[in-house]
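Step one of this worksheet: look at the structure below.
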Amino acid sequence: MLRLHDTATGSVRPLALRDPGRFSMYVCGPTVYEVPHLGHGRFMLVFDVLRRYLTFTGLDVVHVCNVTDIDDHIIERAAREGRREPEIAAEYEARWWEAMDALEVLRPTAVPHATAYIEGMVDLVADLAARGSAYETDDGVYLQVDTIDGYGLLAHQPLESLRAGARVESSAQKRSPLDFALWKKAKPGEPTWPSPWGEGRPGWHTECVVMSLSLLGEGFDLHGGGQDLIFPHHENERAQAVAVGKDFAHHWLHNGWVTVGGEKMSKSLENFTTIAELLERGDARAYRLLVLRAHYSSPLEVTPETIADAEKALDRLDALARRLSLADPMDGPVVREHSAAAPAGVDEDAVSRFCVRMDDDLDTAAAMGLVFELVNRAHAAADAGETPAAQRLGATVALLCGALGLRLRATAGEVDEATERLVSERDAARRARDFERADALRDELVAAGWTVEDGPDGTIVRR
RNA sequence: GGCGGCGUGGCCGAGUGGUUGAGGCAGGGGCCUGCAAAGCCCUUUACCCGGGUUCGAUUCCCGGCGCCGCCUCCA
C-alpha cells in the first residue's frame, strides 16, 4: 500500500481509501488568465504520476481538477484588453490543456469550473452565515476564522502566530486580518451573480470546497496542489468544511517548487519559463523525466543544463527501446495485472522492487534509478547473447516507464527519401569496403543533423 | 517576529546507524567497431561546521552557519 506524506499530520502515513479499490483525489488547478509555466507543469505531472501509478496498481482513480474561471486576475486582464471575462478564461484554459496534452498529462476525470457552481457556493456561504461562522460587511461576506476549530492545522501554526505575521492590511470592517472573503459584493463593471447579499461573486477559497464535495463526496481520499496553496487556500477550504460539519479530505499532499537559481519560479517574480517555450526547445518527455528524477516534495532546479541532462538520459532509454524494438508502453492501458500477459514477460522481482520504492512516499527518483539499472542489465544480457533475458528486462523497463507516463521511442522517426538513399548508398559502400566513400556519406548525413548507427542489421539514422 | 524546508562528488539527485552510500549527466582507461555511433567493463570525485548519543553517524539529538519558502495573489 502506498504511504504518502500528509501535510495535515506532518508525517508519512498509509493512504487510506474511503471506498475499496477506488481512489478519489481533488487537485487545485489553474486560474486561467495566463499561460502555464514549468511550475504548473510540475504539479500536473506529479499528480498525473500519482494517478498513473495507482491505476497501475489496479485502483480506479477519480481525478478532479478544477478551473478557476472567475477571479481578480481574469477581471483585470479583461478590463485591460477590453474583452469579456469568459473570453479570457476560455482562451487561457485552451492554452492550459494544450500544454498539458503536450506533456502527456492525462485529462482529469472531471474538470469543474467555478462559474458552474456559484449556486452551491451561495448556499455554502449562507450556511456558514447561519451557523455564525461568517459575517457580512459593506463589501462582502467573510469567514470568521476564530470560530473554526483547529484553524492553522495545515499551516502548523496556532491562530495567534498567523495573526501576528499577517501582512495583509485589515480592512476596517474585517474582524481579523485573517478573515477571508467568502463573497465579494459587486463593483462596477464586474461580472456578478445574485445572492442574499446582493449581486457579487464568490471568493476564491469557496469553490474548491463546493466542487470537491459535490463531485467526490464527503471524506474523499486526497486533496493536493503546490506547497503555496497550503496557506491560506487549503487552510481556508478546510475551515469552511469544518464550520459546516463536513468530513473533508483525509489526506493532504503538496509538491515542491520549480526553482530558478534557487528561487521559486512564479508569476509574480517573473522568472518563469512557459511550457510552450520548453516545448519549442526540446522533448516534452525530458521534462517529465526531470520531474520524475526528483522527489515530488523537493525543490526542482530547472535550467537548460538540467533539461539537457534529462534529454541525454532519455536517449539512453530510447536506445534500449531501439535495440530491443520495445513497444511504446503508452500505446495501451498500463495496469500491473495485465503485465503477466505481456509477450516477453516481465521481471516480477524488479516490478515489486519498483513498487516498494513508489509506495515509499512516491519515491520516483529511486524508482527511476531502478529503471536505469534494468536498462543496463538488459544491454548486458543482449551483449551476452541472452536474448530472452534481455527481452524480459526490456519489457520490464517499458512496463515501468508506462506506469510513470514516460513514452519510449523505438523508431528513429520519419526518414525522408533522400536520406534513405544516402543510407543505402553508404551501406553499399561499406559492403564494398570503400570506407572513404562511406565516411563521406556519413559526414553528409551528420551535417544534415542525423546520428548514424551501424548495427548488425544495417545502418540506422536518427535525429 | 512565527512556522517550515533544504545543505550529498564537476552538475542533477536518491538513500542509509556499520564491511562495497542509487541512478543520470560529465571526466579518465579499456573492449567492441574498417573508423564512428550505440553498448559493455573498469575507473576518478561527496555526505556544510561544531558538539553530543553510540562500539560505530553522512544517517539520530543539540547548537551554529548558509540558502530557500510560507505567514499577501501564487502550482
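Below, chains carry the letters A, B, ... as their sequence lines are ordered, and counting in each starts from 1.
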Distance-only donor-acceptor check, side chains A:S176 and A:Q144, under 3.5 Å
no
So A:A294, base contact, sugar-phosphate only, or nothing? Heavy-atom distance under 4.0 Å.
sugar-phosphate
Just to be sure I understand the rule, does A:S298 reach a base, reach only the sugar-phosphate, or reach nothing, if contact means heavy atoms closer than 4.0 Å?
sugar-phosphate
Run the salt bridge (charged side-chain N to carboxylate O under 4.0 Å, His left out) check on A:R13 and A:D6 step by step: do they pass?
CA-CA 7 Å; A:R13 59 186 193 82; A:D6 178 17; 2.9 Å; yes
Which residue pairs pass the salt bridge (Lys or Arg N to Asp or Glu O under 4.0 Å) test with at least one member in residues 371-391 of chain A, sequence neighbours excluded?
A:R323-A:D383, A:D347-A:R377, A:R353-A:E373
Which listed nucleotide (B:C40, B:C11, B:A22) is nearest to the side chain of A:H379?
B:C40
Is any side-chain N or O of A:D383 under 3.5 Å from a base N or O of B:G39, one able to act as donor and the other as acceptor?
no
Is any side-chain N or O of A:R293 closer than 4.0 Å to OP1 or OP2 of B:C25?
no
Using purine N1 to pyrimidine N3 plus N6-O4 or O6-N4 for Watson-Crick, or N1-O2 and O6-N3 for G-U wobble, each under 3.5 Å, what pairs with B:C6?
B:G66
Hey, is the side chain of A:R316 poking within less than 4.0 Å of OP1 or OP2 on B:A38, counting only N and O atoms?
no
Going through the distances and angles, do A:E425 and A:R437 end up as a salt bridge (charged side-chain N to carboxylate O under 4.0 Å, His left out)?
CA-CA 9 Å; A:E425 237 182 276; A:R437 173 81 183 130; 2.3 Å; yes
side-chain contact (heavy atoms from CB on, under 4.5 Å) partners for A:E190, two or more places apart
A:I75, A:K187, A:R201
Consider the side chain of A:F372, meaning its heavy atoms from C-beta on, and name the nucleotide among B:A14, B:G13, B:G23 that approaches it most closely.
B:G23
A:Y296: which of A:L50, A:L253, A:L45 passes side chain to side chain contact (heavy atoms under 4.5 Å, CB included)
A:L253
Return the nucleotide paired to B:C40: Watson-Crick means purine N1 to pyrimidine N3 with N6-O4 or O6-N4, wobble means G-U with N1-O2 and O6-N3, both under 3.5 Å.
B:G30
What's the gap between B:C42 and B:C47 when it is taken at their C1' atoms, as a whole Å value?
25 Å
Among the nucleotides B:G69, B:A38, B:A14, whichever has the atom closest to the side chain of A:E263 is B:G69
Base, sugar-phosphate, or nothing for A:A313, non-hydrogen atoms under 4.0 angstrom?
sugar-phosphate
Scanning both residues in full, the closest heavy-atom pair of A:G152 with A:L162 reads CA-CD1, 4.0 Å
Minimum side-chain heavy-atom gap A:F231-A:L154 below 4.5 Å:
no
Atom P, compared across B:U72 and B:G9: separation rounded to whole Å:
36 Å
Let me know the distance between CD of A:Q227 and P of B:C70, rounded to the nearest Å.
10 Å
Proximity to RNA chain B (any heavy atom under 4.0 Å), residues of residues 29-43 of chain A only
A:H37, A:G39, A:H40, A:F43
Once you apply a heavy-atom cut-off of 4.0 Å, does A:G224 come out as touching a base, just sugar-phosphate, or nothing?
nothing
Give one of base, sugar-phosphate or nothing for A:V46, where a contact means two heavy atoms less than 4.0 Å apart.
nothing
NA contact type, A:N255, heavy-atom cut-off 4.0 Å: base, sugar-phosphate, or nothing?
base
Quick one: what's the B/S/- string for nucleotides 26-36 of chain B, heavy-atom cutoff under 4.0 Å, read 5' to 3'?
S-------BBB
A:H234 and A:H223 side chains, donor-acceptor separation under 3.5 Å
yes
Determine whether more than 12 heavy atoms belonging to other residues, nucleotides or ligands lie under 6.0 Å from atom CG of A:D149.
no
Distance between the C1' atoms of B:A37 and B:A75, in whole angstroms?
41 Å
Expressed in whole Å, how much space separates the C1' atoms belonging to B:C62 and B:G13?
28 Å
One pair to check against salt bridge (charged side-chain N to carboxylate O under 4.0 Å, His left out): A:D315 and A:R462. What are the steps and the verdict?
CA-CA 11 Å; A:D315 282 345; A:R462 63 191 165 87; 5.1 Å; no
Under a 3.5 Å limit for both distances, which nucleotide forms a Watson-Crick or G-U wobble pair with B:G1, could you say?
B:C71
Are A:R175 and A:Y135 in a cation-pi contact, defined as NZ or CZ under 6.0 Å from the six-membered ring centre and within 45° of the axis?
yes
Rounded to whole angstrom, note down the C1' distance from B:C55 over to B:G28.
39 Å
Which part of the nucleic acid does A:E160 contact within heavy-atom distance under 4.0 Å: base, sugar-phosphate only, or nothing?
nothing
Mind checking if A:K264 touches a base, just sugar-phosphate, or nothing, with heavy atoms under 4.0 Å?
base
In whole angstrom, give me the gap between the C1' atoms of B:U16 and B:U8.
12 Å
For nucleotides 41-44 of chain B, list the nitrogen or oxygen atoms of the protein found under 3.5 Å from its nitrogen or oxygen atoms, one pair per line.
residue : atom : partner : partner atom : Å
B:C41   : OP2  : A:N376  : ND2          : 3.4

note: A:D315, atom CG; B:A37, atom C1'; distance rounded to Å ~ 12 Å
Non-hydrogen atoms of A:E207 and A:T68 that approach each other most closely:
OE2-OG1, 2.6 Å
How long is the line joining CZ of A:R322 and P of B:G39, in whole Å?
8 Å
My understanding is that a pair needs two contacts under 3.5 Å, Watson-Crick or G-U wobble. By that rule, which nucleotide pairs with B:U59?
none
Integer-rounded Å distance: B:C73 P and A:F180 CZ
11 Å
Return yes if a side-chain donor-acceptor contact under 3.5 Å exists between A:D138 and A:Q173, otherwise no.
yes
A:H205 ring center near A:F180 ring center (under 6.0 Å):
yes
For the pair A:D427 and A:R431, find out whether any cationic side-chain nitrogen is under 4.0 Å from an anionic carboxylate oxygen.
no
Modelled atom types, side-chain donor and acceptor of A:Y33 and A:D69, under 3.5 Å
no
What are the atom names and distances for every N/O pair under 3.5 Å that joins the protein to nucleotides 3-7 of chain B?
residue : atom : partner : partner atom : Å
B:C3    : O4'  : A:Q157  : OE1          : 3.2

Return the value, rounded to whole Å, for the distance between atom CE of A:M358 and atom P of B:G23.
19 Å
Considering only heavy side-chain atoms of A:S268, the closest of B:A14, B:C73, B:A22 is B:C73
From the list B:G24, B:A75, B:C73, which nucleotide is the closest neighbour of the side chain of A:M265?
B:A75
